[in-house]
Each structure stands twice: as C-alpha cells, then as structure tokens.
Amino acid sequence: EELLHAAFLPFGDIVSVNIPLDQTTQKHRGFGFVEFEDEVDAAAAIDNMNNNELVGRVLKVNIAKPINVGKMSSKPVWSAD
C-alpha cells in the first residue's frame, strides 16, 4: 500500500489506499484502490498511470464501479431472458 501511495501521490491528495487480500491464501488479489480527495486529481492519475509499469506489472487504472450484489442472478450470462 505504501508503494501505491507513493506512486499516486504526485497527482493529488490521497484519502485511502486499499489492496484486498484473498481470504484463503492471504495474498494480494492483483488489484487495488486509490481514493483521491478531488475528482480532477483522480482523472489526472488515470490519464498518467493507466498502462504504465510499476514494479514489473502493467497497471490498468480506471474509476472503480460498485458491485450490484442485488442484481446478480443464477442465470448464465449468455441466457436470453
């Protein structure tokens, strides 16, 4: 989390950095969240950091979308209904 904080700090004030862990293995799941105080700073971070490399990994940086748990279904994605 400190590494992500340092990498994104040049773009503005950061509220929080979170890198979720897999509950079974307790290892990082391969993604994280950086929350900025200002939307303009977040947009600058996206523009500048997306597809850049950090510690040997190419970053995909975008705005997080909430999970709609209530809209999940047991139907397959390819189902017509």
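Along the sequence shown, the residues carry numbers beginning at 1.
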Quiz item: Should we count CD of Gln26 as having more than 12 external heavy atoms under 6.0 Å?
Solution: yes

Quiz item: Do you reckon Phe31 sits in the same ILVMFWY cluster as Leu4, going by side-chain contacts under 4.5 Å, direct or chained?
Solution: no

Practice problem: To the nearest 0.5 Å, tell me how far Leu59 CG sits from Ile46 CD1. | Solution: 12.5 Å

Exercise. Determine, using the 4.5 Å side-chain heavy-atom cutoff (strictly less than), whether Val55 and Phe8 are members of one ILVMFWY cluster.
Key: yes

Practice problem: For residues Val15 and Phe36, report the shortest heavy-atom separation together with the two atoms involved. | Solution: CG2-C, 3.8 Å

Quiz item: Where the side chain of Asn48 meets the backbone of Ala44, is there a donor-acceptor pair that is under 3.5 Å apart?
Solution: yes

Practice problem: Output the distance between atom CD (Glu2) and atom CD1 (Ile19), rounded to the nearest 0.5 Å. | Solution: 10.0 Å

Quiz prompt | hydrophobic_cluster_shared for Val17 and Leu54, side chain cutoff 4.5 Å | solution = yes

Quiz prompt | 4.5 Å side-chain heavy-atom contact, Glu35 and Ile14 | solution = no

Quiz item: If every non-hydrogen atom of Pro20 is compared with every non-hydrogen atom of Gly32, which pair is closest and at what distance?
Solution: CD-CA, 4.1 Å

Quiz item: Passes side-chain contact (heavy atoms from CB on, under 4.5 Å), Leu21 versus Arg29? Steps please.
Solution: CA-CA 6 Å; Leu21 297 176; Arg29 297 174 59 192; 5.7 Å; no

Quiz prompt | Within-4.5 Å side-chain heavy-atom neighbours: Phe33 and Ser16 | solution = no

Practice problem: Taking the side chain as every heavy atom from C-beta outward, state whether Asn52 and Val61 have any atom pair closer than 4.5 Å. | Solution: no

Quiz item: Does CD in Gln23 sit with more than 12 non-hydrogen atoms of other residues, nucleotides or ligands closer than 6.0 Å?
Solution: no

